[in-house]
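Each remark here refers to the structure printed beneath this line.
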Amino acid sequence: GLVALRPTVQRRAQLTLFDRTGVRLGAVGEPGPFRNFDWSPDGRAVVFARPNPETGRQQLWIADVARGATSLFVAADTNVNDPVWTADGRSVVFNLDGRERRAVVMRPAMGGPDRELVATDVQGSNVLTEDISRDGRWLAYLRQVWTPESSTHFGALKRLDTEDPPVSFRPGGTPIAELHIAPDGRFVAWTDDSSGRFEVYVAPLPPGEQRFQVSNAGGVQPRFREDGRELFYLALDGTLMAVDIDLGDKLKAGTPQALFRLPLDEIEPGSDQYDAAPDGKRFLVPAVATSPQDAPVSVLVNWPTLLDRTP
């Protein structure tokens, strides 16, 4: 008989800059097991999550785009993830997954005390950072609820300048992912599979019953261009799509146009697998460097005979 063996290889990616046609413009930092990341509003820095190789806990790092130098930003005794820059580039919002309490917090990029924005101490629940509006008034996040059998995500929006309770966001009554706020603060974009497959939608803020489907053949991970006139998303085959959009009194969207296919080994609807420069002319992508599929396969021939050997 034959037995095929493949060792475990951790997925590694290289943060890489691309133009709108898919031409590689350069790399940022060193390859690593990146998770979620966010490009600063001025395009000079990237904040990203990657695990501590000794403990396995997620830490946050900041990389200088021009020089490639990286520095540790947040190292905690628990997981930190889902970093998002504030519009002025002075602070980062992220989630802190503690054993007894889980929270979304804001920390100055140059260091300083955390400001807790929303939290939960309910067992079987978590809060996950999604976005913060340019004016700092709205926080978009996901509330994760899990049981031994399943896990699901529901959206929530919280006004940070009032004491009002968070507004639940469950359009279509199904779990959502990647909830992002338009630059003018009047609309939100997200992904859900209420139609039977993942699609990208846009709706006015505060949320109501109205919504508009932007993708036309499946899509995930929506991102607004800084001027709000274009929306990007990933097609289900990993192609980066662009849609002209008018966020006026009556929302209008053009026909999605394909830009280029991202060098990813799989599409994760609820992860950050690209980010756009403010002008939409460059994109930052964690291009696959090594994948579990790259590990060599060893084949044992006549393996039962090995069991019969005596020392």
Side-chain angles (χ1 to χ4, degrees), residues 35-38 49 51 56-60 74 76-84 92-106 114-133 138-160 162-181 188-203 205-211 213 218-223 233-234 236 266-273:
R35 289 297 301 168
N36 295 303
F37 69 97
D38 196 44
R57 298 189 184 99
Q58 294 288 333
Q59 299 176 322
L60 296 186
V74 180
D77 58 0
T78 186
N79 284 313
V80 290
N81 207 340
D82 297 322
V84 176
V92 177
V93 179
F94 57 93
N95 47 270
L96 187 73
D97 186 7
R99 293 182 178 179
E100 302 298 331
R101 187 172 178 83
R102 293 155 295 281
V104 173
V105 302
M106 180 188 296
D114 293 342
R115 173 191 171 192
E116 186 175 279
L117 304 181
V118 67
T120 179
D121 54 9
V122 177
Q123 291 298 314
S125 69
N126 200 357
V127 286
L128 308 173
T129 314
E130 289 293 277
D131 201 3
I132 187 169
S133 62
W138 286 98
L139 172 71
Y141 65 99
L142 297 183
R143 184 172 293 277
Q144 182 184 31
V145 179
W146 68 86
T147 67
E149 294 77 26
S150 64
S151 174
T152 189
H153 299 82
F154 298 104
L157 293 151
K158 178 178 173 59
R159 284 284 296 266
L160 299 179
T162 72
E163 297 299 322
D164 295 341
V167 179
S168 179
F169 190 74
R170 293 183 59 180
T174 59
I176 72 168
E178 292 301 299
L179 179 60
H180 288 269
I181 304 171
V188 290
W190 74 93
T191 295
D192 72 46
D193 61 354
S194 57
S195 68
R197 70 180 176 191
F198 285 105
E199 299 284 2
V200 172
Y201 300 90
V202 174
L205 184 69
E209 296 299 322
Q210 185 181 13
R211 68 175 183 168
Q213 182 176 324
V220 296
Q221 300 181 32
R223 301 287 187 276
Y233 68 89
L234 288 186
L236 300 183
E266 64 178 328
I267 304 303
E268 301 176 5
S271 294
D272 301 324
Q273 294 183 287

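Side chains are part of it too, since the values below use all heavy atoms of this structure and drop only hydrogens, waters and symmetry mates.
- With rounding to the nearest 0.5 angstrom, the OH atom of Tyr141 is 12.5 Å from the CG atom of Asn95.
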Exercise. Taking it one step at a time, do Phe94 and Leu60 satisfy side-chain contact (heavy atoms from CB on, under 4.5 Å)?
Worked result: CA-CA 9 Å; Phe94 57 93; Leu60 296 186; 3.6 Å; yes
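- Remark: side-chain polar atoms of Gln59 are not paired, donor with acceptor, to backbone N or O of Val74 under 3.5 angstrom.
- Asp38 meets the salt bridge (Lys or Arg N to Asp or Glu O under 4.0 Å) test with no other residue; sequence neighbours excluded.
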For this session: Before giving the answer on side-chain contact (heavy atoms from CB on, under 4.5 Å), spell out for Asp193 and Thr174 the whole-Å C-alpha distance, their side-chain angles and the decisive distance to 0.1 Å.
Result: CA-CA 7 Å; Asp193 61 354; Thr174 59; 4.2 Å; yes
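- Panel note: side chain Asn79, backbone Gln58; a donor-acceptor pair is recorded below 3.5 Å.
- Relative ring orientation between Phe169 and Trp190 is described as perpendicular, the plane-to-plane angle rising above 60° on a 0-90° scale split at 30° and 60°.
- Under the side-chain hydrogen bond (donor to acceptor under 3.5 Å, both in side chains) criterion, Gln221 pairs with Gln273, not counting sequence neighbours.
- Checked for salt-bridge contact, Arg223 and Asp131 miss the test: no charged N lies under 4.0 Å from a carboxylate O.
- Scanning for salt bridge (Lys or Arg N to Asp or Glu O under 4.0 Å) contacts around Glu130 gives an empty result, with sequence neighbours left out.
- Contact check for Leu117 versus Met106: side-chain heavy atoms found under the 4.5 Å cut-off.
- Judged as a salt bridge (Lys or Arg N to Asp or Glu O under 4.0 Å), and not counting sequence neighbours, Arg115 has no contacts.
- Thr191 OG1 to Ile176 CD1: the interatomic distance, rounded to the nearest 0.5 Å, is 8.5 Å.
- With rounding to the nearest 0.5 Å, the separation of CG in Asp272 from CZ in Phe37 is 6.5 Å.
- Atom CZ of Phe198 and atom OH of Tyr201 lie 11.0 Å apart (nearest 0.5 Å).
- Here the shortest heavy-atom pairing between Pro222 and Glu178 reads CG-O, 3.8 Å.
- Looking at residues two or more places apart in sequence or on another chain, you find a side-chain hydrogen bond (donor to acceptor under 3.5 Å, both in side chains) between Ser133 and Asp135.
- Residues Asn81 and Ala49 approach most closely at OD1-CB, 3.4 Å, considering heavy atoms.
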I'd like a table of donor-acceptor pairs (distance under 3.5 Å, sequence neighbours excluded) in which one partner is a side-chain atom from residues 152-159, with atom names and distances.
{"unit_1": "Arg159", "atom_1": "NE", "unit_2": "Asp161", "atom_2": "OD1", "d": "2.8"}
{"unit_1": "Arg159", "atom_1": "NH2", "unit_2": "Asp161", "atom_2": "OD1", "d": "3.2"}
{"unit_1": "Arg159", "atom_1": "NH2", "unit_2": "Asp161", "atom_2": "OD2", "d": "3.0"}

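- A salt bridge links Arg211 to Asp192: at least one charged side-chain nitrogen sits closer than 4.0 Å to a carboxylate oxygen.
- With sequence neighbours left out, Asp114 forms a side-chain hydrogen bond (donor to acceptor under 3.5 Å, both in side chains) with Arg107.
- Side-chain contact between Val93 and Val104: present, with at least one pair of heavy atoms (C-beta onward) separated by less than 4.5 Å.
- The CG atom of Leu139 lies 7.0 Å from the OG1 atom of Thr129; values are rounded to the nearest 0.5 Å.
- Atoms CG and CG, on Asp82 and Asn36 in that order, are 4.5 Å from each other to the nearest 0.5 Å.
- Taking the salt bridge (Lys or Arg N to Asp or Glu O under 4.0 Å) definition, one finds that Arg143 meets it with nothing, sequence neighbours left out.
- Between Val220 and Ile267, the closest side-chain pair of non-hydrogen atoms falls below 4.5 Å.
- Judged as a side-chain hydrogen bond (donor to acceptor under 3.5 Å, both in side chains), and not counting sequence neighbours, the contacts of Thr120 are Ser125.
- Pro51 and Gly56 get closest at one heavy-atom pair: CB-O, 3.7 Å.
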